[in-house]
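Counting starts at 1 for both ligands and their atoms, following the listed order.
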Amino acid sequence: LVVAADGIHSTVRHALFPDHPGPVYSGFTTWRTVVPLPGVRFASHETWGPGRLWGTHPLKDGRVYAYAAALAPAGEHAADDERAELLRRYGDWHDPIPAVLAAARPEDVLRHDVHHITEPLPAYHHGRVALVGDAAHAMPPTLGQGGNQAVEDAVTLAHHAGDLSAYTADRLPRTTGIARRAVRAARLGLMTDRAGIAVRDTAITVLSRAVPALLLRSFDEVASWRPPTSDAVSFGAEPRQ
Ligand SMILES: Cc1cc2nc3c(=O)[nH]c(=O)nc-3n(C[C@H](O)[C@H](O)[C@H](O)COP(=O)(O)OP(=O)(O)OC[C@H]3O[C@@H](n4cnc5c(N)ncnc54)[C@H](O)[C@@H]3O)c2cc1C
């Protein structure tokens, strides 16, 4: 068994499925940073502005994880540094964003353009080669699921190591559905059209008031995943003694 876990620009995917178009630019770029922020009190949040968003979340060790995403041409980089770029784009946003930016050094800020696979692969295996993670189903990070789905792949593959078609049957529909949701979430969070934004914000406000926790509950299908049970284990043609 060969397990190909070689990421979004997978050489193995291209070798197994040469006609597949591969990943495309998702239309937006991202920044990430982790900083100490002692004494600053804030609530975990993700805030949406026209064509850009910012999220701040506390980490267990007391530091703060912050990320931002914005529509931008592929390959663009700040002429000075990416912290300065964040200051230009988000410096006048609400607390604790200015404090996060003040605490970050230029070298603490990562910037990555986002790419994803738009056309699902015909299978996540070929012969005795199995693709896992971004090699199989690179998706935008807007649901925070790329790494999670890679872990689910690995656990499922361990159960179906003898029958890779069972691995594909288990993983391809689920990851395709989640990847499509991640694309929709990116479109929703990064809208630029004023009328569309007004409709979005009103719908979310009304729905959240009418059905509290509705948005969280819509995530149940993703979060309620359980590993295959042992009676679903396939070890190949030979029955296990
Ligand atoms: C901005 C951003 C935010 C994200 N946020 C989240 C999140 O909150 N939650 C989440 O679950 N996911 C998130 N993700 C997605 C997550 O990072 C990926 O889905 C995950 O890293 C995929 O893991 P992987 O092992 O498949 O690929 P990778 O992590 O890309 O690992 C592939 C590895 O293979 C190596 N490799 C490639 N080719 C070869 C070769 N020929 N020989 C040897 N080694 C090779 C590479 O060097 C690399 O180390 C985010 C992604 C981005 C870009």
Side-chain angles (χ1 to χ4, degrees), residues 2-18 20 22-35 44-46 48 51-60 63-72 74-78 82-83 85-86 89-90 100 104 108-118 120-121 124-125 129-158 167-168 171-172 174-183 185-187 189-190 216 219 221-225:
V2 175
V3 180
D6 53 347
I8 188 165
H9 300 294
S10 170
T11 308
V12 179
R13 182 206 307 125
H14 183 64
L16 298 183
F17 303 103
H20 187 269
V24 298
Y25 181 52
S26 310
F28 63 99
T29 192
T30 58
W31 296 265
R32 286 172 288 174
T33 191
V34 173
V35 292
S44 211
H45 74 100
E46 182 173 296
W48 296 349
R52 58 205 166 125
L53 59 81
W54 179 290
T56 320
H57 303 286
L59 297 176
K60 266 191 162 175
R63 291 181 302 164
V64 163
Y65 169 55
Y67 59 88
L71 300 177
E76 191 184 76
H77 281 286
E82 297 300 339
R83 178 182 168 275
E85 182 66 20
L86 286 176
R89 289 175 182 257
Y90 302 92
V100 171
D108 296 330
V109 178
L110 299 174
R111 178 171 181 173
H112 291 102
D113 285 354
V114 171
H115 296 79
H116 70 280
I117 290 179
T118 53
L121 288 169
Y124 289 170
H125 75 286
V129 182
L131 297 167
V132 299
D134 281 7
H137 46 64
M139 60 187 76
T142 33
L143 292 181
Q145 278 299 305
N148 284 294
Q149 293 307 308
V151 173
E152 289 186 16
D153 289 346
V155 173
T156 307
L157 179 59
Y167 167 67
T168 284
R171 296 303 300 158
L172 199 142
R174 174 170 168 81
T175 50
T176 300
I178 291 173
R180 287 187 177 141
R181 263 182 85 167
V183 170
R187 285 198 195 116
L190 293 169
L216 272 181
F219 211 68
E221 199 188 321
V222 175
S224 63
W225 181 84

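Interface of G133 with ligand 1, defined as ligand atoms under 4.0 Å from a residue heavy atom, comprises 26 (O). Here is the list of ligand 1 atoms found below 4.0 Å of a heavy atom in Q145: 10 (C), 11 (O). Under a 4.0 Å criterion applied to the non-hydrogen atoms of A5, ligand 1 contributes the atoms 32 (C), 33 (C), 34 (O). Close approach of ligand 1 to T30 is summarised as follows: ligand atoms under 4.0 Å from at least one heavy atom of the residue are 1 (C).
For atom 2 (C) of ligand 1, the nearest protein heavy atom is under 4.0 Å away. Atom 18 (C) of ligand 1 lies below 4.0 Å from at least one non-hydrogen atom of the protein. For atom 35 (C) of ligand 1, the protein comes within 4.0 Å by no heavy atom at all. Protein heavy atoms are absent from the space less than 4.0 angstrom from atom 47 (O) of ligand 1. There is a protein heavy atom less than 4.0 angstrom from atom 10 (C) of ligand 1. Distance check on atom 21 (O) of ligand 1: every protein heavy atom falls at or beyond the 4.0 Å cut-off. Within a 4.0 Å radius of atom 43 (C) of ligand 1, the protein contributes no heavy atom.
Within 6.0 Å of atom NE2 in H20, more than 12 heavy atoms from other residues, nucleotides or ligands are found, so the atom counts as buried in its surroundings. Around atom CD of E221, no more than 12 heavy atoms belonging to other residues, nucleotides or ligands sit under 6.0 Å away.
For N148, heavy-atom contacts with ligand 1 shorter than 4.0 Å involve the backbone as well as the side chain.
One option in A135, G7, A138, G146 has a heavy atom closer to atom 30 (O) of ligand 1 than any other, and that option is G7. The residue from G144, A150, P141 that puts a heavy atom closest to atom 50 (C) of ligand 1 is P141.
Taking the charged nitrogens against the carboxylate oxygens, R111 and E85 have no contact shorter than 4.0 Å, which rules out a salt bridge.
Checking W31 against T33 by side-chain atom types alone, no donor-acceptor pair falls below 3.5 Å. Using modelled atom types and a 3.5 Å distance limit, the side chains of Q149 and R171 yield a donor-acceptor pair. Side-chain atoms of D153 and H137 include a donor-acceptor pair closer than 3.5 Å.
Cation-pi contact between R52 and Y90: present, with separation from the ring centre below 6.0 Å and deviation from the ring axis of at most 45°.
Considering only heavy atoms from C-beta on, T56 stays 4.5 Å or farther from S44 through its side chain. Contact annotation: the side chain of W54 approaches that of H45 to within less than 4.5 Å [non-hydrogen atoms, C-beta and beyond]. At least one side-chain heavy atom of W225 sits less than 4.5 Å from a side-chain heavy atom of T156.
Protein heavy atom in closest approach to atom 41 (N) of ligand 1: T11 OG1, 4.6 Å. Annotation: atom 16 (C) of ligand 1 to nearest protein heavy atom, G147 N, 3.7 Å. Looking only at protein heavy atoms, the nearest one to atom 40 (C) of ligand 1 is D6 CB, 4.8 Å.
For an aromatic pair to be called close, the ring centres must be under 6.0 Å apart, and H115 with Y25 satisfies this.
Taking distance alone, with nitrogen or oxygen atoms compared against 3.5 Å, R32 stays at or beyond that limit from ligand 1.
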